[in-house]
Structures are given as structure tokens and as C-alpha cells.
Number of protein chains: 2
Amino acid sequence: MLTGESRRGRGGDGLERPTGTREKILAQSLALFNARGLGRVTTAEIAAASGIREGNLQYHFPRKSGLVEALFSAFEVEAETVAGRMPADPAAPEALLAYQRGWFDLIWRYRCIYRDGIAMVEIAPALRPRVHALRARTQALARGVFEAAVRAGRLRIAPDALGRLIDNAWIVSSHWMSHRLQGSTELTQADLDWGFAQVSDLFAPYLVMDNPD
Amino acid sequence: MLTGESRRGRGGDGLERPTGTREKILAQSLALFNARGLGRVTTAEIAAASGIREGNLQYHFPRKSGLVEALFSAFEVEAETVAGRMPADPAAPEALLAYQRGWFDLIWRYRCIYRDGIAMVEIAPALRPRVHALRARTQALARGVFEAAVRAGRLRIAPDALGRLIDNAWIVSSHWMSHRLQGSTELTQADLDWGFAQVSDLFAPYLVMDNPD
DNA sequence: GTCTATATATAGATAGAC
DNA sequence: GTCTATCTATATATAGAC
């Protein structure tokens with residue numbers, strides 16, 4: 001249980017289907033943060049969107065950083081699930097694309113974490129080591145998936161080059177939003193598709209198109 | 001001449017060898033912004049570092065955004081020079097590496113622009129269209145350099161794939177800092193080398209190693 | 001658990017004396 | 001051109017009544 005937050009009897013991350021005030025706050029926060037960025041949403045707005053007063057928001061989340069930490073905790077759980085989802089058939093042409101799609105869906109739902117560069121760790125510095133650790137764990141899981149694709153003959157790449165490719169895919173996956181937001185003020189489905197195509201393109205030179213069987 | 005700033009008789013961007021108060025302010029601001037990020041440096045600190053009082057800083061730059069805009073203007077001029085520097089021999093193995101090095105040196109000197117994602121355009125919204133336009137101009141210039149490398153037989157890539165490759169190189173070049181800053185609080189030379197290697201790796205699959213002659 | 005009302009902190013902008 | 005002093009805005013945190 002996180003420090004500085006009220007404890008509740010029931011579990012769940014409370015982001016889908018809000019069942020109480022705390023859950024409602026988290027759901028509304030995520031929506032506002034996704035739309036405008038972590039640094040451009042005030043606690044007053046979150047309270048208003050949640051249908052409560054600021055004092056009550058303070059009761060549930062004494063600090064804005066605690067709110068961000070709670071959202072990150074929910075993301076953390078989902079990220080590890082998505083990263084560890086090994087394709088049934090790593091040789092299938094659509095396997096890696098489906099894996100990437102899983103990541104993009106998750107990132108899109110929690111895009112507030114990614115849209116403003118390092119804003120999250122500046123608002124909630126306690127998250128810095130957790131961000132680092134989560135990246136290490138999920139990248140290791142992703143590497144396992146790509147190595148399976150190499151063994152299945154679907155991907156042709158040397159082990160050290162694979163490490164750099166994964167790092168580049170990580171950077172583009174995580175920062176295409178910032179890149180697009182420098183020119184406009186909001187993200188659309190078209191931006192999402194653009195980002196997906198950019199990441200796909202990173203893998204293109206290493207994909208083996210002909211089935212090796 | 002930018003609005004909202006004092007006018008001076010002499011020219012120059014005033015970033016190297018400060019010759020007056022305005023130049024000193026700009027040089028100190030760039031150093032502080034590079035070290036800690038645009039959003040984590042106050043006007044009070046800038047005034048102190050420049051050896052003047054806050055009121056005097058207000059005289060030269062009535063708004064913090066004006067300060068950021070002035071720094072961006074200096075960057076803008078240099079960026080266009082660096083992007084347009086066509087290698088003497090586009091077929092030479094070191095030509096593209098030298099071109100990339102030119103960009104990295106520039107980005108490193110103005111790293112405050114890149115280290116915090118979209119922080120700059122949030123502090124100075126007037127820069128949004130200029131960032132967009134500068135990117136379009138410099139990417140077009142870069143494309144010209146890469147197309148010369150293709151014609152020289154140094155790079156083997158289809159025209160549409162080249163566009164996506166340049167976009168990916170742009171994202172990695174611009175955001176490897178944010179990526180590294182999520183785990184630590186400051187950037188080192190080792191980070192710079194890491195970023196350079198990551199971008200180089202993007203081009204590796206398309207490089208023709210054997211001289212076609 | 002929720003509210004009202006108030007306090008604190010910080011940054012940035014302003015007015016005017018010198 | 002530089003200073004002192006003040007002001008406003010915003011955001012976040014606290015105390016205590018209900």
C-alpha cells in the first residue's frame with residue numbers, strides 16, 4: 001500500500017468502472033492527464049471533474065505526486081503483463097506486429113506517462129527508480145520475445161544489434177508523442193498510426209519475409 | 001527584432017563571449033537551462049548567475065518566454081547552417097558520420113531545447129510554429145544530404161523508406177536525452193556517446209560497406 | 001468521508017526611485 | 001540601465017467543522 005494515501009477495503013486499480021470516490025478520482029485524473037499533460041492539470045480541476053471538493057481530494061490524495069504514483073502503479077502491473085505475453089507462434093508473420101500492437105494500446109491508454117518527456121519523474125521523483133526498474137524488466141521480457149522470433153527464423157539479427165534495436169524501438173515508442181506534440185497541441189488517432197508505422201519500420205530491415213520452412 | 005525585448009545597437013546572438021548584460025543573461029540562462037531544464041530554473045536564479053537584480057532582468061527580458069525565444073533564435077540560425085552542410089564527398093565512409101556529429105554537437109550545446117520533451121513549447125507557445133517550420137527545413141536539408149549518399153552508392157534505401165528513416169533518426173536524436181533522464185538526473189558524456197551510437201545504428205542496415213567502384 | 005475556509009509557497013510581472 | 005519594493009496569480013497543503 002502506498003504511503004500518503006487512504007486505504008480502502010476493496011482492491012483493484014480502480015481505473016475501469018469507478019466504484020467509489022478514489023476510483024472516480026483516478027479515472028478522471030487519467031482522462032485529464034492524457035488530454036492535457038500531467039503538468040497542465042490542477043488539483044482543482046481534478047476535484048471538479050470528480051464531482052468532489054478540493055478538501056476531499058486532499059483526503060484521498062494528500063499530494064498530487066501520490067495521484068501520479070497510483071496511476072503509474074496501475075500501469076506497472078499492466079506493462080509487465082503485456083511485455084511478457086509470448087506469441088503462441090513466434091514464426092507467424094503477424095506475431096511481432098501483434099506484440100507491438102499490445103504495447104501501443106497500453107501506451108495510448110496511459111499516454112500521460114509518455115507525452116511530456118520527463119514531466120512524470122519531475123512531478124513524482126519517487127518514481128524515477130521504478131521507471132528505471134520497470135524498463136529493465138519489460139525490455140528483458142521483450143528481448144525474450146524477439147529472441148524467440150530469431151530462433152524461429154522470423155528475424156535475422158546479431159545479439160548485440162538486437163539490444164540496440166530494442167533500445168531504439170523503446171525510444172521511438174515512448175517519444176513519438178512528444179515529437180508530434182511539438183507541432184500541435186493534441187494527439188489524434190492519426191498520430192498513433194504514424195507512431196506505429198515508425199516503430200514497425202525499425203524492424204523492417206531485419207524481418208525475414210520468406211517462411212524458412 | 002523580437003517583441004518584448006530591449007533593443008541593442010550591436011548584433012550577434014550573444015551566446016559566446018558575453019559583451020554586455022543582455023549577452024551575459026543569455027549565456028548564463030543557456031548554461032542553467034542545459035544543466036537543470038527550462039522548467040527548473042527560475043528568473044531569480046538567472047538574475048543571480050548573471051550578477052544583476054531581478055528588476056534588471058525584467059528590463060532586458062520582460063517575460064521568461066522571451067528569454068527562451070531568444071535562445072531558440074540563436075539555435076535556429078546554427079541549425080540551418082549545420083543541416084545544410086553538404087559533405088564534400090558523399091561517397092566517403094566518414095561523410096554521414098561527420099554530418100551526424102555536427103548535429104549532435106549542436107544539440108548538445110542547446111540540449112535544454114531537447115532534454116525535457118515539450119517543455120519549451122509549453123513555456124513559450126509562440127515557438128510551436130517555429131519549431132515545426134525549422135524541423136521541416138532542416139529535415140529537407142538532411143534529406144538532400146542522404147539522397148546524395150544514395151546517388152553516390154553509399155546508402156541503399158528506397159525513397160519512402162528514407163523518409164521514415166530520417167523521421168526515426170530525428171526522434172532518437174531529439175529524445176535520447178529524455179530517455180536517459182528518466183533514470184538519472186543529469187546527462188554525461190557517456191550518455192552523449194550512447195545516443196550517438198543509437199542513431200548510427202539506425203543507418204547501419206542501409207549502409208553499403210564496399211565501395212561500388 | 002466530505003465539506004468550508006484559510007494558509008503557504010513560489011514564480012513571475014509591475015511601478016517607480018535613482 | 002539598474003535598483004528596491006510590491007503585487008498578482010496559481011497551486012498545493014492544512015485545520016477543523018459537520
Side-chain angles (χ1 to χ4, degrees), chain A residues 1-10 14 18-29 32-33 36-71 112 116 119-120 122-126, chain B residues 1-10 14 18-26 28-29 32-33 36-71 112 116 119-120 122-127:
Chain A
M1 199 104 290
L2 293 169
T3 51
E5 287 168 33
S6 72
R7 50 253 111 312
R8 297 293 300 272
R10 60 192 109 143
T19 56
T21 303
R22 183 189 155 91
E23 286 67 34
K24 182 134 199 164
I25 292 168
L26 286 169
Q28 293 295 323
S29 299
L32 286 167
F33 287 153
R36 302 218 306 279
L38 296 169
R40 293 179 76 88
V41 176
T42 67
T43 52
E45 289 173 303
I46 293 169
S50 306
I52 60 171
R53 299 293 181 175
E54 288 188 59
N56 192 10
L57 177 59
Q58 296 292 331
Y59 168 77
H60 288 283
F61 296 96
R63 254 157 287 277
K64 189 183 181 181
S65 59
L67 199 41
V68 174
E69 285 160 20
L71 290 172
C112 61
D116 304 316
M120 184 179 69
E122 303 231 302
I123 291 170
Chain B
M1 199 103 294
L2 294 169
T3 51
E5 285 168 34
S6 71
R7 50 254 86 67
R8 298 293 300 271
R10 60 190 107 142
T19 56
T21 303
R22 183 190 155 90
E23 286 67 33
K24 182 134 199 165
I25 292 167
L26 286 169
Q28 293 295 323
S29 298
L32 286 168
F33 287 153
R36 303 218 306 280
L38 296 169
R40 293 180 76 88
V41 176
T42 66
T43 52
E45 289 173 304
I46 293 168
S50 306
I52 60 171
R53 298 295 182 173
E54 288 189 61
N56 193 9
L57 177 59
Q58 296 293 331
Y59 168 77
H60 288 283
F61 294 96
R63 253 155 288 280
K64 190 184 182 181
S65 59
L67 199 41
V68 175
E69 285 161 19
L71 290 172
C112 60
D116 304 315
M120 184 179 70
E122 303 233 299
I123 290 172
L127 288 181

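Throughout, protein chains are lettered first and strands after them, A, B, ... in sequence-line order, and every chain is numbered starting at 1. As the structure is a prediction and not an experimental result, all values here were calculated from the model.
- A:Arg53 is linked by a salt bridge (Lys or Arg N to Asp or Glu O under 4.0 Å) to nothing, counting only residues two or more places apart in sequence or in another chain.
- With sequence neighbours left out, the side-chain contact (heavy atoms from CB on, under 4.5 Å) criterion links A:Ala49 to A:Gln28, A:Leu32.
- B:Glu54 is linked by a salt bridge (Lys or Arg N to Asp or Glu O under 4.0 Å) to nothing, counting only residues two or more places apart in sequence or in another chain.
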Under a 4.0 Å heavy-atom criterion, the protein footprint on nucleotides 2-15 of chain C, written with B, S and -, is BBB------SSBB-

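- With sequence neighbours left out, the salt bridge (Lys or Arg N to Asp or Glu O under 4.0 Å) criterion links B:Arg36 to B:Glu45.
- When the side-chain contact (heavy atoms from CB on, under 4.5 Å) test is applied to A:Ile123, the partners found at least two apart in sequence or on another chain are A:Leu38, A:Val68.
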